Amino acid sequence: MTYTALTEHDKAEMLRTIGVASIDDLFADIPAALRQHAKLDIGAPLSELEVRRKMNSLAARNVNFDQAASFLGAGMYDHYIPAVVPAIASRGEFATAYTPYQAETSQGTLQVIYEFQTLLCQLTGMEMANASLYDGATALAEALFMAMAVTKRSRFLVPRAVSPFYRRVVNTYMQGLPVAIEEIPFADGITDAEQLTSRLSKDVAAVVVQQPNFFGCLEDVQAIGEAAHAQGALLISVFNPVSLGLLPPPGSYEADIAVAEGQSLGIAAQFGGPGVGLFCCRKKFARFAPGRLVGTTTDEQGREGFTLTLQTREQHIRREKATSNICTNQALCALMASIYLSAMGPQGLKNCAEQSYHKAHYAAKAVAKSKGYELAFKAPFFHEFAVRVPSSVAEVNQRLLEKSIIGGYDLGRDYPELENVMLLCCTEKRTREEIDLLANAL
Amino acid sequence: MLEPLLFELSDPGQYNDYLPALDVPEAKLDMPARAALPLPEVDEHTLVRHYTRLSHKNFSIDTEFYPLGSCTMKYNPKINEVVASMPGFALAHPLQDESTVQGWLEVLYEAQRILAEVAGLDAATVQPLAGAQGEFCGLLMIRAYHESRGEGKARTRIVVPDSAHGTNPASAARCGFTVTQVASDEHGCVDMAHMREAMGPDVAAVMITNPNTLGVFEKDIEKLTALAHEHGALVYMDGANMNAILGQVKPGDTGVDVMHFNVHKTFSTPHGGGGPGAGPVAVRKILEPFLPTPYVVKQGDRFTFDYDRPQSVGALHGYWGNSGIVLRALTYILRHGSSGLQEISENAVLAANYILARLRGVYATANENICKHECVLSASELRAKYGVSAWDIAKRLPDYGFHAPTVYFPTIVKESLMIEPTETETKVTLDAFCDAMLKIAEEAASDPDLLHHAPHTMPVGRLDEANAARCLNLCWAAPENDSSCQNGTPHDAHREVPQASTY
Amino acid sequence: MNVPADLKYSSSDEWIRVEGDVATIGITDYAQHELGEVVYVELPEVGATVSPDVSFGVVESVKAVSELLSPVAGEVIAVNTPVSDEPAIINDAPYTDGWMIRVKLSDTNLPSDLMDAAAYTAYRADGGH
C-alpha cells in the first residue's frame with residue numbers, strides 16, 4: 001500500500017457493491033494467457049527512506065553548480081534563482097492542477113498564464129505570446145511551421161551560427177516533409193551577410209537569426225530583418241531572454257516570430273529539462289499559433305475572467321488539421337519564469353544582464369592574456385565568447401575540474417573548423433575571484 | 001473578488017535586490033542598448049500575496065478530488081519533489097563532461113530499462129517531452145523502419161479509430177502521413193470489419209489506445225495487431241491509459257510494436273497546470289536502430305551517451321529531454337517495485353468499477369459490464385427528460401467540491417461524462433463524489449435551472465467563450481494603450497455548448 | 001428550424017440561391033444552430049475558383065470547426081466581408097445578411113443531388129440519412 005488509499009475492509013465492501021468476488025474478476029476481460037505473462041521484473045518496492053538514500057547516492061555522482069563554478073552555457077545558463085521562485089512554484093495548488101480546461105476551477109492558472117503572455121510581450125516588444133511550448137528548440141520548429149502556414153512558402157535560411165542543438169531538432173521535425181532548409185555560413189563569429197542576401201528570394205518563408213548567436217556574438221539583426229522582409233520572408237528571432245535586460249528586443253527589429261528557451265528565467269538546469277519554450281509573434285498570426293492561448297472575457301454576471309481561447313486551432317478539436325500536435329505546455333515552468341520576471345523587475349533584469357555582460361568581458365580579457373589562448377572572434381558579444389585553446393578542450397576542462405571549475409563547451413563537436421575552440425560563459429553569479437581562478441588555471 | 005493583475009500592482013520605484021554589487025570593472029558597451037523595459041515593479045511581499053491568492057483560485061489534486069477521465073489525476077508524492085531538488089540533480093548542466101554526471105546518466109539508463117520492461121518491449125527512449133511528442137517520435141521511427149525496407153514511399157497512411165485522442169491524428173499529420181479513421185462499436189472497441197477494409201499495402205501503422213478511451217480493454221487486440229502485421233504495418237499504442245494495466249498485461253505481448261507512456265499520468269509527476277510532462281517511448285527490437293539520438297548505454301560500469309546511431313530519427317529536444325520529470329517518475333517506480341505497480345492498476349480499476357456500480361441506473365452507462373481505470377456515463381436521459389446536459393453536471397460538481405470529469409469525450413458517446421478516480425482516493429472520497437453525482441441527478445429533476453447556471457460558488461461563473469474568441473485579448477495593455485475590441489457582444493454564456501468539447 | 005422554400009440545399013448544410021448564372025451560398029439555420037455561436041469565418045478572395053467537394057473556407061464556433069463546401073463549381077465574384085468582421089451575423093441571419101460568397105456558375109445545370117426545402121427538412125428530420 002504505497003500510495004493506494006483503500007483498506008482491505010474498503011475493498012471487500014466495494015467488491016460487494018460491484019457484485020464480483022475478487023479484484024481478479026475485474027480483469028477477466030484480458031485474455032488469461034496475456035495476464036500470466038505480465039509479471040514485472042523491476043525489483044521489490046523501496047521504502048521512502050531507501051529511495052531517498054539511493055537517489056542521494058546517485059545525486060552525489062554528479063558535479064553540481066554548488067560545488068564548482070560553472071563557465072558552461074551554450075543555451076542553458078546558471079543564473080541566480082531568487083528563493084521566491086521555487087517557494088511559490090512548488091505550491092500544490094499550482095503544481096498539481098491540470099490544464100485549465102474547466103475555467104471556473106482554474107482561474108489561478110489561467111490568470112498566471114495571461115500574465116505570463118503579457119510579461120513576454122513586455123520583455124520582447126512582440127504583440128502576442130502563447131502559454132509556452134516544450135523548449136527553445138521545439139519552439140523554433142513550431143515557428144517554421146507557422147511561417148509556412150503564413151507565407152505558403154517552404155524554403156528556410158538558417159545560419160550555422162544558430163544553436164546546433166536547435167538545428168538538429170528542426171531537422172527532426174522537418175524530415176520527410178517538402179521543406180528546404182539551407183544553412184548560411186558565418187564569418188568572424190557572425191552570419192555572413194553577403195551569403196545570406198544572395199540566397200534570399202521570393203520563395204523563402206523565413207530567415208532565422210539567433211541574437212546573441214550560439215557563439216555569444218551579436219548579429220546585425222536589423223539588416224538581416226530588412227533583407228528578409230524585402231523578399232516577403234518572415235524574420236524568426238531566437239533570443240536570449242536575460243539578454244533583453246540590455247539588448248534591443250525582437251519587436252524593435254521587426255521580428256515576425258520570436259522564440260527562446262526560458263530556462264534562464266528562474267528555472268534550474270536539471271540536466272537540460274524541463275525548461276520552457278517561449279513563443280511570441282504578430283497578433284495577426286494568432287490563428288496559426290501552436291499551443292494554448294489564454295484570453296479574457298466575462299461571465300453571466302459580467303465578472304471578468306480568463307479562459308483558454310481559439311481552441312479550434314488545437315488537436316483535440318481539429319485533429320489531423322490542427323496547427324500543431326502539441327497538447328501540453330510547460331505551465332509550471334512558465335509560472336517560474338513569470339515569478340522570476342516580476343520579482344526581478346525592470347531594474348533587476350537590467351542589472352542581471354549588465355553584470356553578466358561586464359563579467360564576461362572581464363573574463364574574456366583575463367583569459368586572452370594567458371599564453372596560448374586567444375579570442376576566436378572579434379565581433380561584439382553579450383555574455384559568452386569563444387576562445388582558441390592550445391590543447392584539446394577536453395584536456396583543458398579536465399584541468400579546470402581539478403580546480404573545481406566547470407569549463408566551457410567544445411565547439412569542435414559541432415563545427416569541424418572550430419577544433420580546440422571553447423565557448424565560455426559568465427553569468428552574474430560568477431565572482432571576480434572565480435574568474436581570476438579560471439584565468440590562472442588555464 | 002477579482003485578483004488584480006500583476007501589472008495593476010506595479011508600483012514604480014519598487015525593487016527587490018537579489019544580487020551583490022558588480023565586482024569587476026565595467027566594460028564599454030559596444031552595442032546599442034535597450035531603451036525601455038516595461039516590466040512591472042512589485043515588492044516581493046506583494047508578489048507572494050498575489051500568487052498565493054491566485055493559487056487559491058485553482059482546483060488541484062492537493063486540494064480536491066479531480067476525476068478527469070483520461071488524465072489520471074493521482075496523488076503526486078512529495079518524495080518525487082525532494083529528489084528532484086537535490087542539488088546533484090537540479091544544478092547539473094546537460095553539457096558537462098560525462099564523467100561528472102554519471103548519476104544522471106544512470107537515472108536515464110535505469111528509466112529506459114524499466115520502462116521497456118513495463119511495456120514488454122526491448123528498448124525505450126526517455127527523450128520525448130510529452131505524450132504527443134512520443135507519438136510523433138514513434139511515427140517517425142515507423143516511417144524510418146519502412147524506409148529501411150524500401151517501402152517508405154509506399155506506406156503513407158495511418159489508421160486511427162474514431163475514439164482516439166486528438167493528438168493521434170494530429171501527430172500523424174505532423175509526420176506527413178494521411179489519416180484514415182475507422183469506426184468503433186458502442187464500447188469504443190475497434191470495429192474489426194471496418195479495420196479490415198481500411199487496411200492495405202499503403203498503411204504504415206495502426207494507432208490504438210488500450211484500454212480505449214471508454215475504459216474498455218480492446219478484446220480483439222491480438223487479432224488486430226496480427227491483422228496489421230499481415231499487411232506489413234506496425235502497431236502504435238497510445239499508453240495514456242496504462243494506469244489500468246500496469247503489471248496486468250504487457251503491451252508488447254499483445255503485439256504492439258511501439259508505445260509511449262505519459263509519466264505525468266501513470267507515474268505521478270505533477271501536471272503543473274498543463275505541463276511539463278514526459279512521454280518516453282518503448283519499442284520492439286526491429287525499431288531500436290531508429291530511436292532518437294543520443295541514447296544512454298552502459299559500457300562496463302560506466303554510463304555514456306551513444307551518438308553513433310546512423311539510422312536514428314534524430315533529436316527531439318535541445319538536450320536529453322525533460323530529465324527532471326523522468327527522475328521523478330523513476331523515483332515513483334522504485335518506490336512501488338514490481339508488486340506495487342500491479343497494486344496500482346488493481347486499485348485504480350476497483351475504484352472506477354465502484355463508481356460505475358454506484359451510479360449505474362441513475363446515469364446511463366457506456367460500459368456494459370466492467371470497466372478498467374475509468375468509466376463513461378451518459379447524461380442523455382437527463383437531457384431528454386429535464387434538459388440537463390453533461391455540461392451542466394460538470395459545471396455543478398465544483399459547487400460540491402469536486403473537479404468535473406471529462407465531458408463530451410469520447411465523442412462516440414452522447415452527453416458523455418468520463419470519470420477516472422485513480423488508486424489514490426479513499427473510499428470516503430469516492431462515496432462523497434458518488435453522493436454528489438446522485439444529488440445532482442435529483443436536482444436535474446427538481447430544479448434544472450440551478451444546474452443551467454452552475455457553478456454558483458466559484459470565483460467566476462460560466463464564461464463567455466465566444467466573446468473571448470471574437471474579441472481576442474491575449475495580453476494586458478495599460479489603459480491608455482488599450483485598443484482591445486469593445487463591441488458589445490450580447491452575453492450568452494449559458495448557451496448550450498455543442499458536441500466535441502473535451503476536458 | 002427555418003428552411004426557406006425558395007432555396008436549394010446540400011447534404012453538408014449549405015444553401016444556394018441561383019439567379020441566372022450567379023449563385024449565392026451560405027450555411028443553413030440548422031448548421032448555425034449545431035455550431036453554436038460563430039466566432040470566425042474564413043472566406044476565399046474574389047477571383048478564386050470553387051468546386052464541389054473542395055472546401056472554400058471554414059466556419060468556427062468556440063468548440064467546433066466546419067469546412068465550407070460549395071455545391072457548385074465556378075468563380076467567386078463577391079465575398080460578404082462583413083461576416084468576417086462580425087461572425088455573429090451568421091447566427092442571426094443565416095439566409096440573408098449571413099450569406100458568404102457569390103459564384104459565377106461554370107455550368108448552369110445544377111447538380112442533381114441538391115435538395116429542395118421539403119427534401120432537406122426531411123433529410124434533417126431523419127438525422128442526415
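Note that the structure is a prediction, hence the values are computed from the model and not measured.
Heavy atoms of Ile18(A) lying under 4.5 Å from chain B belong to its backbone as well as its side chain. For Leu335(A), the part lying near chain B is the side chain, with the backbone staying farther off; criterion is any non-hydrogen pair under 4.5 Å. Proximity to chain B (any heavy atom under 4.5 Å) is restricted, for Tyr80(A), to the side chain, taken from C-beta onward. If you measure heavy-atom distances from Lys11(A) to chain B, the contacts under 4.5 Å come from both the backbone and the side chain. Heavy-atom distances place both the backbone and the side chain of Asn329(A) under 4.5 Å from chain B. Using a 4.5 Å cut-off between heavy atoms, Glu44(B) touches chain A through its side chain atoms alone. Arg91(A) touches chain B through its side chain: at least one heavy atom from C-beta onward sits under 4.5 Å away, while N, CA, C and O do not. With a threshold of 4.5 angstrom between heavy atoms, Val169(A) approaches chain B through its backbone and through its side chain. Contacts of Val82(B) with chain A are made by side-chain atoms alone, with heavy-atom separations under 4.5 Å and no backbone atom involved. In this structure, the portion of Thr138(A) lying under 4.5 Å from any heavy atom of chain B is its side chain and not its backbone. Residue contact with chain B, scored on non-hydrogen atoms closer than 4.5 Å, involves the backbone and the side chain of Ile30(A) alike. Only the side chain of Ile406(A) comes within contact range of chain B, with heavy atoms under 4.5 Å apart. For Ser338(A), the parts lying under 4.5 angstrom from a heavy atom of chain B are both the backbone and the side chain. When heavy atoms are compared at a cutoff of 4.5 Å, Ile23(A) approaches chain B solely by way of its side chain, counted from C-beta outward. Heavy atoms closer than 4.5 Å to chain B are found in the backbone of Glu127(A), but not in its side chain. For chain A, the nearby parts of Leu95(B) are the backbone and the side chain; heavy atoms of each come within less than 4.5 Å. The contact between Ala33(B) and chain A is made by backbone and side chain atoms together, counting heavy-atom distances below 4.5 Å. Heavy atoms of Leu334(B) lying under 4.5 Å from chain A belong to its backbone as well as its side chain. In this structure, chain A has a heavy atom under 4.5 Å from the side chain of Pro455(B), while its backbone stays farther away. Interface residue Tyr66(B): only side-chain heavy atoms are found under 4.5 Å from chain A. When heavy atoms are compared at a cutoff of 4.5 Å, Ala44(A) approaches chain B solely by way of its backbone atoms N, CA, C and O. With a 4.5 Å cut-off on non-hydrogen atoms, Tyr75(B) touches chain A through its side chain but not through its backbone. Proximity to chain A (any heavy atom under 4.5 Å) is shown, for Gln133(B), by both the backbone and the side chain.
Note: His93(B) leads Met458(B), His93(B), Gln96(B) in heavy-atom pairs under 4.5 Å with chain A. Interface summary for chain B: among Thr105(A), Leu310(A), Thr309(A), the most heavy-atom pairs under 4.5 angstrom belong to Thr105(A). Of the residues considered (Ser339(B), Ala35(B), Ala92(B)), Ala92(B) shows the highest number of contacts with chain A, using heavy-atom pairs under 4.5 Å. Of the listed residues (Asp66(A), Val84(A), Leu401(A)), the greatest number of heavy-atom pairs within a distance under 4.5 Å of chain B belongs to Val84(A). Residue with the most contacts toward chain A among Leu356(B), Leu5(B), Val83(B): Leu5(B) (heavy-atom pairs, distance under 4.5 Å). Counting heavy-atom pairs closer than 4.5 Å to chain B, the top residue among Ser342(A), Pro380(A), Gly176(A), Cys121(A) is Ser342(A). Put simply, of Thr429(B), Thr424(B), Ile79(B), the one with the most heavy-atom pairs under 4.5 Å next to chain A is Ile79(B). Among the candidates Glu81(B), Glu117(B), Glu41(B), the residue making the largest number of heavy-atom pairs closer than 4.5 Å to chain A is Glu117(B). Between chain B and the options Ala129(A), Ala137(A), Pro249(A), the largest number of non-hydrogen pairs under 4.5 Å is found for Pro249(A). By number of non-hydrogen pairs under 4.5 angstrom with chain B, the leading residue of Pro248(A), Gly305(A), Cys333(A) is Pro248(A). Chain A forms more heavy-atom pairs under 4.5 Å with one residue of Thr426(B), Val42(B), Asn16(B), Thr167(B) than with any other, namely Thr167(B). Residue with the most contacts toward chain B among Leu26(A), Asp41(A), Thr109(A): Leu26(A) (heavy-atom pairs, distance under 4.5 Å).
A donor-acceptor distance shorter than 3.5 angstrom exists from the side chain of Tyr114(A) to the backbone of Trp476(B), with no hydrogens or angles considered. The backbone N or O of Lys39(A) lies less than 3.5 Å from no partner atom in the side chain of Gln248(B), so there is not a single donor-acceptor pair. A donor-acceptor pair is defined here as one N or O able to donate and one able to accept, closer than 3.5 Å; no such pair exists between the side chain of Lys350(A) and the backbone of Leu37(B). Proximity of a side-chain donor or acceptor of Thr297(A) to a complementary backbone N or O of Asn467(B) within less than 3.5 Å is not detected. The closest donor-acceptor contact from the side chain of Gln117(A) to the backbone of Leu474(B) lies under 3.5 Å. For the pair Thr172(A) (side chain) and Ala315(B) (backbone), a donor-acceptor distance under 3.5 Å is present.
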Point to revise | Working for side-chain hydrogen bond (donor to acceptor under 3.5 Å, both in side chains), residues Asn58(B) and Ser106(A) | key: CA-CA 5 Å; Asn58(B) 263 6; Ser106(A) 312; 5.1 Å; no

Review point. Going through the checks in order, is the side-chain contact (heavy atoms from CB on, under 4.5 Å) test met by Tyr101(A) and His403(B)?
Key: CA-CA 11 Å; Tyr101(A) 288 124; His403(B) 193 279; over 6 Å; no

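In this structure, Glu104(A) pairs ionically with Lys395(B), as a charged nitrogen and a carboxylate oxygen lie closer than 4.0 Å.
Aromatic rings of Phe89(B) and Phe271(A) (six-membered ring for Trp) have centroids beyond the 6.0 Å cut-off, not under it. Between Tyr173(A) and Phe136(B), a ring centre-to-centre spacing shorter than 6.0 Å is recorded.
Note: Tyr98(A) and His271(B) have perpendicular aromatic rings, judged against thresholds of 30 and 60 degrees for the angle between ring planes.
With a 6.0 Å radius and a threshold of 12 heavy atoms from other residues, nucleotides or ligands, Arg52(A) has its CZ atom at or below the threshold.
Tested against Met86(B), the residues Asn56(A), Asn62(A), Leu58(A), Asn64(A) include a single side-chain contact (heavy atoms from CB on, under 4.5 Å) partner, Asn56(A). The only option from His336(B), Glu343(B), Lys74(B), Arg335(B) that meets the side chain to side chain donor-acceptor pair (under 3.5 Å) definition with Tyr3(A) turns out to be Arg335(B). Across Gln355(A), His361(A), Arg432(A), a single residue satisfies side-chain contact (heavy atoms from CB on, under 4.5 Å) together with Val24(B), and that is Arg432(A).
In this structure, NE2 in His358(A) is found 11.5 Å from CG in Asp23(B), a value given to the nearest 0.5 Å. Taken from CG in Leu6(B) to CG in Leu119(A), the straight-line distance is 5.5 Å, to the nearest 0.5 Å.
Between Gly274(B) and Ala331(A), the shortest heavy-atom contact is N-CB, 4.0 Å.
At a cut-off of 3.5 Å, with distance as the only test, no side-chain donor of Thr298(A) or Asp464(B) sits close to an acceptor on the other residue. A donor-acceptor pair shorter than 3.5 Å cannot be found between the side chains of Asn76(B) and Thr96(A).
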